[in-house]
Amino acid sequence: MPRASTTPPRHSGRSSAAAATSASTRPPPARCASSTGGHRPQRLLDIGTGDGMALLPALTEHHPAVGVVEPSAALLAETTAELTRRGIPHLAWPCTAQEFTATHTRRWDLVQSTFALQSLPEADKARVLRWIAAHTDRFVLVEFDVPEVASVREPAWFRDCLARLERGLREYDDDRDLVGAGFILPVILGKFGTAAPTNYELAIDAWEALLREAGFAGIATRRLADYWWRPAFLVEAVTGAG
């Protein structure tokens, strides 16, 4: 459950989410942007780029033309400044995934998103994924595997959640109070219905089902890393043309 635009959930508490991400998701799949299944994309779109933590490490050997979508102007500025410094051609859109996909028609060789789409409600997830399937042959998604539970008030689930939160907070050191109050607490309260949800996490098999419904024909998943919250998976999806 990290990031708002920098890793997991993209919400209003972006600075807190960014702090959570850097601690809990280091480092995401650096191979995605540079090469996927032997393919080296010439046009790469990253949705929910944040400060570029997942994107920039990948752009070392291969420099495609990059598009970045990020609603936080401050985080987007960090990413574009580094892309400019490296001389990587890029376009940037300071908007949400929903806003971007509602108006853009360009095709991309590869689209990727790291811990970002979990912040979208189910209907928005479906719409964004349909747009992606219609505008690329290859999509790389990184998300947590969060199984659905019958009730968050079930004692075993609650004890496990509490233990994970304590373990995660210990990783944040000086950012512990900021992350706890500004990011983790709102997310957890959303699960209990005491606050509006800030993310909508899914099990990986549910993500696979959404991708198939969106129009992807081939889907491969692999466990990427075990984080304090949940294991993260890399999902590679291709259309029939991929």
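No hydrogens, no waters, no symmetry mates; every other heavy atom, side chains included, goes into these values.
Judged purely by atom type and a 3.5 angstrom limit, His62 uses its side chain to pair as donor or acceptor with the backbone of Pro41. The closest donor-acceptor contact from the side chain of Ser113 to the backbone of Ile47 lies under 3.5 Å. Of the possible polar contacts, none joining the Thr114 side chain to the Val142 backbone as a donor-acceptor pair under 3.5 Å is found. Side chain of Arg130 to backbone of Glu213: no donor-acceptor contact under 3.5 angstrom is found. The main-chain N or O of Ile132 is never found under 3.5 Å from a side-chain atom of Thr136 such that the two would form a donor-acceptor pair. Counting only distance, with no hydrogens or angles, the side chain of Asp145 and the backbone of Ile204 share a donor-acceptor pair below 3.5 Å. Without hydrogens or angle criteria, Glu143 side chain to Leu117 main chain gives a donor-acceptor distance under 3.5 Å.
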Donor-acceptor list for residues 77-84 side chains, cut-off 3.5 Å, not counting sequence neighbours:
from: Thr79; atom 1: OG1; to: Gly50; atom 2: O; distance (Å): 2.8
from: Thr79; atom 1: OG1; to: Asp51; atom 2: O; distance (Å): 3.3
from: Thr79; atom 1: OG1; to: Gly52; atom 2: N; distance (Å): 3.0
from: Thr79; atom 1: OG1; to: Leu75; atom 2: O; distance (Å): 3.4
from: Thr80; atom 1: OG1; to: Leu76; atom 2: O; distance (Å): 3.1
from: Thr80; atom 1: OG1; to: Ala77; atom 2: O; distance (Å): 3.2
from: Glu82; atom 1: OE1; to: Arg85; atom 2: NE; distance (Å): 3.0
from: Glu82; atom 1: OE2; to: Arg85; atom 2: NE; distance (Å): 3.2
from: Glu82; atom 1: OE2; to: Arg85; atom 2: NH2; distance (Å): 2.6
from: Glu82; atom 1: OE2; to: Arg86; atom 2: NE; distance (Å): 2.9
from: Thr84; atom 1: OG1; to: Thr80; atom 2: O; distance (Å): 2.8

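Between Thr105 and His135, the shortest heavy-atom contact is O-CD2, 3.3 Å. Taking every heavy atom of both residues into account, Arg107 and Ala134 meet most closely at NH1-O, 2.9 Å. Between Thr101 and Gln98 the shortest heavy-atom distance is OG1-O, 3.3 Å. Residues Ala232 and Tyr227 share a closest heavy-atom pair of CB-CE1, 3.4 Å. Shown here for Phe144 and Arg230, the closest heavy-atom pair between the two residues is CD2-O, 3.1 Å. Looking at every heavy atom in both residues, Ala133 comes nearest to Ala214 through CB-O, 3.4 Å.
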| query | Please walk me through it: do His104 and Trp131 pass side-chain contact (heavy atoms from CB on, under 4.5 Å)? | reply | CA-CA 9 Å; His104 285 74; Trp131 182 94; 4.2 Å; yes
| task | List the steps, then state whether side-chain contact (heavy atoms from CB on, under 4.5 Å) holds for Thr239 with Phe216. | result | CA-CA 4 Å; Thr239 64; Phe216 289 99; 3.9 Å; yes
| Under the side-chain contact (heavy atoms from CB on, under 4.5 Å) criterion, do Leu202 and Leu210 qualify, and how do the steps go? | CA-CA 10 Å; Leu202 297 174; Leu210 283 175; 3.6 Å; yes
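Across Leu110, Val140, Val111, a single residue satisfies side-chain contact (heavy atoms from CB on, under 4.5 Å) together with Leu44, and that is Leu110.
Atom OG of residue Ser119 and atom NZ of residue Lys125 lie 7.0 Å apart, to the nearest 0.5 angstrom. From Tyr200, atom OH reaches atom CG of Asp124 across 8.5 Å, with rounding to the nearest 0.5 Å. The structure places CH2 of Trp207 at 14.0 Å from OG1 of Thr221, a figure rounded to the nearest 0.5 Å. Atoms CG and NE2, on Leu55 and His90 in that order, are 10.5 Å from each other to the nearest 0.5 Å. A distance of 4.0 Å separates CD1 in Ile88 from NE2 in His63, rounded to the nearest 0.5 Å.
A salt bridge is absent between Arg40 and Asp109; no separation between the charged side-chain nitrogens and carboxylate oxygens falls under 4.0 Å.
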